> 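My questions will all concern the structure given below.
When a ligand or atom number is given, it counts from 1 through the structure's own listing order. All figures in this text were calculated on a predicted structure; none of them were measured in a lab.
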Amino acid sequence: MSSEELISSVSDVSDETEFYTPLPNGYVRGRCKYVVIMGTVMSGLGKGIFSSSLAKLLQDKGLRISPIKLEGYLNIDSGTLNPFRHGEVFVLDDGMECDMDLGTYERMLDQDLTRANFTTSGQIYTRVLEKERHGDYLGRDVQMIPHVTGEVKLRLRELAVQSSADVIFVEIGGTVGDVENAYYIEAMRELAYEEGSHSVCFVALTQVLEPRTLGEQKSKAAQLGIKRLMEMGVQPHIIACRATNPVTPKVRQKIAQYTNVPLERVFSMHDCESIYVIPGMLRDLGYDFEVIRMLKLEDRINLRHERRAWLEWCDFVDRLDNLDKEVTIGITGKYTSVRDSYASIIHALEHSGAHLDTEVKIAWIDTTEITDENVGERMVGLDGMIVPGGFGVRGAEGKIRCIQYARENEVPYLGICFGFQMAVIEFARNVCGIADADSSELSPGCAQAVIDILPEQKKIEGLGGNMRLGGKDVEIRPDTLAWHLFGKKKKARMRFRHRQEVNPEYIDILTEHGLVFSGKAPNQPIMQILELPGHPYFIGTQAHPCMTSRPLRPQEMFLGLVKAALERKGCKV
Ligand code: GLN
């Protein structure tokens with residue numbers, strides 16, 4: 001049977017065939033192409049950065065792109081994952097809690113993604129088991145192949161229909177050889193077989209080792225890693241070699257020879273100073289046209305579109321390269337040793353910095369050690385401060401002290417989610433005189449819970465998926481700082497992930513003492529932005545504004561913070 005016949009005849013389960021390829025309504029074979037990105041040798045190669053950079057180059061050429069990340073773990077989403085182990089939990093507009101790589105795609109592609117762009121093994125197996133209970137497999141024994149792999153292909157094809165993408169970028173989590181990701185690779189092998197030639201482009205990322213003691217690049221681990229992939233029936237079309245330094249022609253030749261990949265498709269992808277220069281590097285090396293040729297996309301690209309998009313991008317990258325001012329922003333936090341837990345914030349500061357030709361240096365502040373006595377000396381040299389999102393009591397009192405210092409000493413302040421809530425507690429205690437003001441998260445059963453659990457969350461049990469999640473509209477009060485920041489718009493859309501909120505019973509007393517709630521949820525008494533008139537820049541939000549910052553469109557509250565920090569330093573803005 002040809003793959004064409006196969007795909008048209010086996011969409012239903014039957015006893016007559018071993019094939020199982022359910023197709024969503026409206027799926028047209030060959031319309032959508034797939035680029036599959038896999039990592040070999042080790043994790044942490046930057047698959048997401050590579051994949052999103054390559055995707056951007058195709059998007060610039062007028063192609064419609066949709067990425068999907070396939071995660072191997074059994075969690076249904078990333079909501080219950082510890083950011084210390086897994087990096088920050090990124091929240092999509094539709095409320096999906098996902099891997100931080102989705103943030104990378106949103107930033108690179110300047111595109112809002114949905115839950116269709118992310119799956120875990122937990123989701124795949126859940127769907128299979130639900131179908132089994134529902135009797136959908138008609139008495140068949142349900143197997144990894146073809147049923148679980150069939151579900152993976154179905155997810156991709158559903159995304160193809162839903163997004164009308166020209167190209168879907170499939171990023172497979174983990175490393176080739178992991179037990180938990182093996183069935184994803186098998187599903188991709190089947191996909192390539194069914195879709196036919198020029199439909200699926202396999203890209204393997206690998207690591208070229210450079211042991212310091214040898215002083216030369218070694219390709220054996222890379223060869224073995226790719227070989228492992230080939231043992232699984234997948235012949236890569238393109239190999240990207242990660243390395244500290246540019247990969248030498250000899251090493252590339254060796255890898256080409258052992259993997260059947262033509263030398264011109266074995267690329268170096270060495271370390272760069274910023275992820276934003278990677279699209280340019282891939283473009284210079286010609287990755288984009290190799291993919292276009294592989295997938296026969298020549299007729300669909302628009303080079304005039306690319307010229308415009310590329311110019312804008314280069315302007316951003318040039319700015320990053322020529323930052324002539326500098327500010328230092330302090331960030332307090334529990335996960336201070338792991339930058340990945342604050343990835344979106346770091347990027348948002350970089351975007352705003354580029355826009356203002358300013359290098360934003362970050363000073364991490366461990367708040368578990370902050371006391372009334374040392375807070376002043378810890379704040380020396382800071383031009384601004386952020387208290388980011390967080391959970392739990394550890395370091396919270398130190399954060400409150402830092403906020404008090406920022407408020408009293410005119411240090412520009414941006415409070416994000418937990419940082420917004422801590423600013424309310426600080427104000428209630430030190431300005432309104434409510435000495436015991438607290439949050440019921442930090443001090444359960446406290447008498448003066450100015451921050452309390454949202455009524456709608458009280459009913460929900462368990463830790464997974466029980467927060468107020470996703471993109472929500474924020475109604476902005478005219479003539480406030482927020483209103484000016486958002487270009488005098490009455491509405492802003494921001495991403496949320498919280499269980500607690502300002503207790504409505506305290507809103508009057510807080511506002512009587514001068515706190516202004518300049519953003520709230522439409523038709524609900526949920527306070528979403530606060531500010532302090534008279535202070536150069538004191539603003540907080542219950543949302544995570546960092547998650548909607550994009551390279552060419554820095555988020556307004558971050559831009560405001562960096563501007564205020566520059567002004568504090570006496571720089572012209
Ligand atoms: N822990 C707080 C809450 O649940 C803040 C959450 C956050 O910062 N994302 O409301």
Side-chain angles (χ1 to χ4, degrees), residues 77-84 86-93 95-98 100 103 331-336 338 340-345 348 367 385-400 402-403 413-426 428 437-444 446 449-472 474 494-504 506 517 519-521 524-530 539-548 555 557-558:
D77 56 40
S78 306
T80 53
L81 292 178
N82 179 347
F84 191 68
H86 197 79
E88 79 178 348
V89 178
F90 194 81
V91 185
L92 302 179
D93 190 77
M96 184 72 195
E97 294 176 284
C98 55
M100 59 186 287
I331 304 182
T332 67
K334 191 157 74 166
Y335 304 124
T336 43
V338 178
D340 272 3
S341 9
Y342 297 115
S344 292
I345 294 183
T367 51
M385 192 178 77
I386 292 176
V387 174
F391 293 83
V393 71
R394 194 165 170 268
E397 287 302 321
K399 291 177 191 172
I400 294 173
C402 291
I403 296 169
Y413 175 70
L414 172 59
I416 298 176
C417 201
F418 195 68
F420 163 91
Q421 298 172 355
M422 294 305 103
V424 173
I425 294 176
E426 190 280 317
D438 218 321
S439 154
S440 57
E441 175 187 359
L442 308 179
S443 168
C446 61
V450 292
I451 301 294
D452 201 1
I453 190 149
L454 287 157
E456 64 197 84
Q457 309 308 124
K458 278 187 183 154
K459 307 183 273 269
I460 312 172
E461 283 179 21
L463 272 186
N466 71 355
M467 284 190 264
R468 182 168 177 265
L469 287 169
K472 316 257 177 218
V474 180
M494 297 212 259
R495 305 256 172 106
F496 290 80
R497 181 171 186 256
H498 65 125
R499 224 174 261 125
Q500 312 281 122
E501 63 161 339
V502 179
N503 184 341
Y506 290 89
F517 288 110
K520 63 179 276 300
Q524 269 178 302
I526 304 179
M527 299 303 112
Q528 302 193 138
I529 303 179
L530 67 73
I539 197 160
T541 172
Q542 188 60 81
H544 293 266
C546 42
M547 292 188 187
T548 41
Q555 202 279 339
M557 297 172 93
F558 276 85

> For Gln500 and ligand 1, does the shortest N/O to N/O distance drop below 3.5 Å?
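The answer is yes, given that Gln500 and ligand 1 share an N or O pair closer than 3.5 Å.
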
> At what distance is the nearest protein heavy atom to atom 1 (N) of ligand 1, and which residue and atom is it?
Glu441 OE1, 2.7 Å

> May I ask you to say whether Glu97 pairs ionically with Arg497, meaning some side-chain N is under 4.0 Å from a carboxylate O?
yes

> Identify, for atom 7 (C) of ligand 1, the protein heavy atom at the shortest distance, and state residue, atom and that distance.
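I find the closest protein heavy atom is Cys417 SG, 3.0 Å.
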
> Main chain of Ala449, side chain of Asn503: is a donor-acceptor contact present, judged purely on distance under 3.5 Å?
yes

> Would you check if the side chain of Glu88 reaches a backbone N or O of Ser344 as a donor-acceptor pair within less than 3.5 Å?
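Yes.
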
> Among protein heavy atoms, which lies nearest atom 8 (O) of ligand 1, and at what distance?
Gly390 N, 2.9 Å

> State whether the side chain of Thr541 and the backbone N or O of Gln528 hold a donor-acceptor pair below 3.5 Å, judged by distance alone.
yes

> Enumerate the atoms of ligand 1 whose separation from the nearest heavy atom of Gly389 is less than 4.0 angstrom.
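Within the 4.0 Å cut-off of Gly389, ligand 1 contributes 8 (O).
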
> Considering only heavy atoms of Arg499, which atoms of ligand 1 have at least one such atom less than 4.0 Å away?
3 (C), 4 (O), 10 (O)

> Given 3.5 Å as the limit, does a donor-acceptor pair link the side chain of His544 with the main chain of Cys546, or not?
no

> Report yes or no: does Met467 have a heavy atom closer than 4.0 Å to ligand 1?
no

> Would you say Glu441's side chain and Gly392's backbone share a donor-acceptor pair under 3.5 angstrom?
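Answer holds: yes.
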
> Under the 3.5 angstrom rule, does the side chain of Gln421 hit a backbone N or O of Gln500 as a donor-acceptor pair?
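Pair found, side chain donor or acceptor close to backbone of Gln500.
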
> Just heavy atoms, cut-off under 4.0 Å: does Arg497 contact ligand 1 by side chain, backbone, both, or neither?
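The part of Arg497 near ligand 1 is the backbone, not the side chain.
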
> With only distance considered, is Phe418 within less than 3.5 Å of ligand 1 through an N or O on each side?
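N/O-N/O distance under 3.5 Å: yes.
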
> Should the proximity of His544 to ligand 1, defined as any heavy atom under 4.0 Å, be assigned to the side chain, the backbone, both, or neither?
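It is the side chain that gets close, since no backbone atom is under 4.0 Å.
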
